[in-house]
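By convention in this document, chain letters (A, B, ...) are assigned in the order of the sequence lines, proteins followed by strands, and residues within each chain are numbered from 1.
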Amino acid sequence: MPLARARNAAAKAISDALTEQFGLQGTEVHLEVPPNRAMGDLAWPGALPLARVLRRSPQQIAQAVAESASWPEEVVRTEVAGPGFLNLYLHRGLMLRSLLLAELDLVELQDDKVIVEHTNINPNKAAHIGHLRNAVLGDDLVRCLCHLGHTVEIQNYVDDTGVQVADVVVGMLFLPEIDLAQALGVEPGRRDELIRHLIASMPGDVVPPPSGGDFDDLCWQVYPLVTSRYASDPEFAARRPEVLHALEGGHQQLDLEEAVFTLERAVLSDSDYPPRAVARFAAAIADANLRCHLATMARLGISYDLLPHESDILHLGFWQRAFELLGDREAIRLEEQGKNAGCWVMSLAGSAEFADMDDPDKILVRSNGTVTYTGKDIAYQLWKLGLLRDTDGSRHDFGYRPYIHWRTAGPAAPVRYEALAGNVLARTTSDPTNYIYGRDYGCARRVYNVIDVRQSYPQKVVKEAVRVLGHEAAADASIHFAYEMVALTPAAVSVIEEQSGASFGLDEEELGKSYVEMSGRRGIGVKADDFLDVLVIQAEDAVRARSGDDVAESDAGERARAIAVGALRYLMARQSRNRVLAFDFDEALAFEGDTGPYLQYSAVRANKIFAKLAERRGEGMVEDDEAEALADEVIPDDLWELVLECARRRDIVSQAVEGLEFSLLAQHAHGLAQLFHKLYHSHPVVPEEDAGLRRLRRAVFTLFAREVRVILEELLGIPVPREM
RNA sequence: GCGCCCGUGGCUCAGUUGGAUAGAGCGUCAGACUCCGGAUCUGAAGGUCGCGCGUUCGAAUCGCGCCGGGCGCACCA
């Protein structure tokens, strides 16, 4: 990290000069990178606030520091400018040399573990583009944390016993056969045949390659029918709590085939469905959807370490233990009267954040004895922090077993799921004696929960619960990574309605707004796989238009996939997280300008230079021995600008993680690509006959080619195709 | 009602410990050499940073008050 070294050395020089000249001890010196190179490479604005204290003009102070400081070798020139900035100019050759020497890029490994929980899609329907925002932001965070030397555990929480899964089960078991058959896209038939059809479309023990009409797409069709029928049919609506209760009861070791057989018999004899069979059926639906979600995310190079299941939290008594801990601290109480009578509530009145609320109590256990989602989430959070402990001090833990294995061909390549080889993706089990050798899950120093901003309130409650249990530091380390939702522009809604031939029945008011909220319950949304498919098709058209028909089929497909992923991931990263992303097809399908493909193109072009260089001149990228010789090189302004930008990666990544704002990183990447594209035209390499000039350009472009690959592939998960 | 978020050229957005001349992209207009690929580049036009008051050497950024929009404040998740 040559820039950090130069910065620290310069800061120390300034601090020492302040002591020597003005007797100031231990002044904090922050050096920033000024807006343009005419103002230097690093700048110290600290003379301005010191003016009052020292009763001298800022220019005088800056001048005194500039003249008396013993500057490190990295600083070659100083200048006092504007109202009193002290601008520093770096030794360009030295910086370029250091940046090219790869071993200087190593990071210290951090001695902690960080958990990032993301994706968390309800396993009752296909993923939509809103879920993609969650997963991409979560994955970007994971990549940046790893880059900074952290050990990261990625969790994708599976709510397999919630109302949403129950709703699809209700639909399969109780919707009129006619409606059901239509939703499933088959000829009307008996219910047991429809159930069989659904089971047959499940992916089994594999993670399937996504295509149209997958299992999760069928559920996507069924789900809105259920929710709309609840409103009109009370008898139907009464099925929901029945099914939910069955799910919570579990299905101990019941075989799926046996469960389906049981359901069939119930259909034929017109008798009630046995709860255990219903629960087993629901578990199969949740699992099948989960595998579809994994497949969708795999396309984007997103993977996980652990799949915690809500059913296991339930069966292993996580909540009971959390309840005891909260009870010991008297953080919860049983409400005897009022509107919350019969409920266990946690009072939030004690914390400033909730003090102004009308009702500062949050219900954790309902009057019927069941626990709310927030209650379960508190237990889960405590477990993540290693704080869910039994009375003997041992950790109250899950059981674990390998769920599937996976591997990738590179940092931004698609994830390939396989049976036995590669990295382990584990899932929790309800048998705490199950474990995976050498693996220890949970128990992190810091926890990021990537969740939609609309869940800020329950997330605050969870954090507060950790705090009232006396774990101040752990509460502070419980971070809600909140982001705004993805909505649809009215134009996007029209496109979907036109293509699907369906109408979402939006009223005047909704259509008048600048965007429409997506809703799985209403079936309003752009499915993630569908959108990716469209992107791939568009990208492939563009590839063929440029390269002609001589591109091999598989090669064009490969490039198109990379471009589609690049466009999508960049789109998600570049918008700041607390702004609603109003999805528009035209904008999302753009491949020119401030887009992923623009960045990819810069990387491809840079690589192309070196390919041609090897071919025509037998020269390659600048290696360490050549880099040594560059320290004395005179580097012109325009090339230097790119060199300095390349030096800033670590700073930018730290800042992005600190503020959970990956638009900073996206913008940095875009800036780099822009500088490169400009230089590409003004500084040709291959045709340049002057060997010295050619070496310098090679050096700068070597730096860029490496840098852009790291930022795109490692940090943003955007693949760099071989050609475009 | 209380809380959080958003308001920046025609459109979509950056601008994060307050820093120097507010940046991109799209769109519009005018251009790019027998030269490593034109998904690129050069140039032009386009801004009361919602409004007001304040803090500061300095405010798009911090504080207060308005205006407009969104989202929360469930025995849903």
Side-chain angles (χ1 to χ4, degrees), chain A residues 30 32 34-36 38-39 43 45 48-49 51-52 57-58 81-85 87 120 122 159 162-164 339-345 353-354 356-360 362-368 370-374 376-377 452-458 482 484-485 487 513-515 517 539 542-543 545-547 563 574-576 578-580 582 584 586-587 590-595 597-598 600-602 604-606 608-613 615-616 655-656 658-661 663-664 666-667 670-671 673-674 676-688 697 701 723-724:
Chain A
H30 293 290
E32 55 193 37
N36 65 63
M39 297 165 176
L48 291 126
R52 172 164 294 186
S57 81
F85 290 96
N87 296 337
N120 295 10
N122 256 300
D159 186 1
V163 287
Q164 299 213 29
K339 66 185 175 87
N340 295 340
C343 299
W344 282 91
V345 302
E353 220 166 343
F354 299 92
D356 287 340
M357 290 180 55
D358 292 342
D359 177 10
K362 174 68 192 170
I363 292 168
L364 299 183
V365 181
R366 305 183 186 100
S367 54
N368 67 4
T370 56
V371 55
T372 62
Y373 182 84
T374 306
K376 281 177 269 194
D377 216 16
D452 187 330
V453 70
R454 287 172 294 188
Q455 290 193 47
S456 293
Y457 172 65
E484 264 291 357
M485 65 177 173
K513 292 183 174 176
S514 52
Y515 53 79
E517 190 179 347
V543 166
R546 292 161 58 78
S547 311
I563 292 164
R574 79 175 196 127
Q575 178 137 332
S576 76
N578 42 17
R579 192 194 277 261
V580 174
D584 180 81
D586 288 341
E587 195 189 333
F591 293 157
E592 292 174 12
D594 189 6
T595 65
Y598 176 88
Q600 293 170 308
Y601 187 53
S602 73
V604 169
R605 258 186 158 178
K608 200 57 167 271
I609 291 175
F610 289 101
K612 289 277 186 239
L613 210 43
E615 186 184 309
R616 295 189 197 164
Q655 220 175 85
E658 187 64 32
L660 295 175
E661 191 50 89
S663 59
L664 292 172
Q667 199 190 10
H670 182 245
Q674 250 178 339
F676 170 76
H677 276 309
K678 282 179 198 177
L679 294 177
Y680 181 85
H681 289 271
S682 55
H683 293 254
V685 184
V686 179
E688 180 55 57
R697 290 175 180 173
F701 290 150
E723 308 222 16
M724 287 178 73

- Under-3.5 Å donor-acceptor pair between H30(A) side chain and U17(B) base: yes

- Message: For the backbone of P684(A) and the side chain of R697(A), can you confirm whether one donor and one acceptor N or O come within less than 3.5 Å of each other?
- Response: yes

- Item | Whole-Å gap separating C1' (G72(B)) and CD (E517(A)) | 12 Å

- What does N120(A) touch in the nucleic acid at a heavy-atom separation under 4.0 angstrom: a base, only the sugar-phosphate, or nothing? nothing

- Are side-chain heavy atoms of P597(A) and M724(A) found at a separation under 4.5 Å? yes

- Query: Relative to F676(A), does R605(A) satisfy both conditions: NZ or CZ under 6.0 angstrom from the six-membered ring centre, and within 45 degrees of the ring's axis?
  - Reply: no

- Task: Step by step, work out the side-chain contact (heavy atoms from CB on, under 4.5 Å) result for Y601(A) and F591(A).
- Result: CA-CA 10 Å; Y601(A) 187 53; F591(A) 293 157; over 6 Å; no

- Message: Counting only Watson-Crick pairs (N1-N3 plus N6-O4 or O6-N4) and G-U wobbles (N1-O2, O6-N3), all under 3.5 Å, who is the partner of G1(B)?
- Response: C73(B)

- Message: Partner lookup for C57(B), please. Criteria are Watson-Crick or G-U wobble with both distances under 3.5 angstrom; report none if nothing qualifies.
- Response: G19(B)

- Message: Students often get this wrong, so: under 4.0 angstrom with heavy atoms, is H681(A) touching a base, only sugar-phosphate, or nothing?
- Response: base

- Is G46(B) paired to anything, Watson-Crick or G-U wobble with both distances less than 3.5 Å, and if yes, which nucleotide? none

- Query: Do N87(A) and A20(B) have a side chain to base donor-acceptor pair shorter than 3.5 Å?
  - Reply: yes

- Side-chain donor/acceptor of S367(A) to base of C75(B), under 3.5 Å: yes

- Is the ring of F85(A) stacked on the base of A20(B), with centres less than 5.5 Å apart and planes under 30° off? yes

- Message: I'd like the C1' distance from A60(B) over to U16(B), given in whole Å.
- Response: 13 Å

- With a 3.5 angstrom cut-off on both distances, give the Watson-Crick or G-U wobble partner of G38(B), or none if there isn't one. none

- Task: Return the nucleotide paired to C26(B): Watson-Crick means purine N1 to pyrimidine N3 with N6-O4 or O6-N4, wobble means G-U with N1-O2 and O6-N3, both under 3.5 Å.
- Result: G10(B)

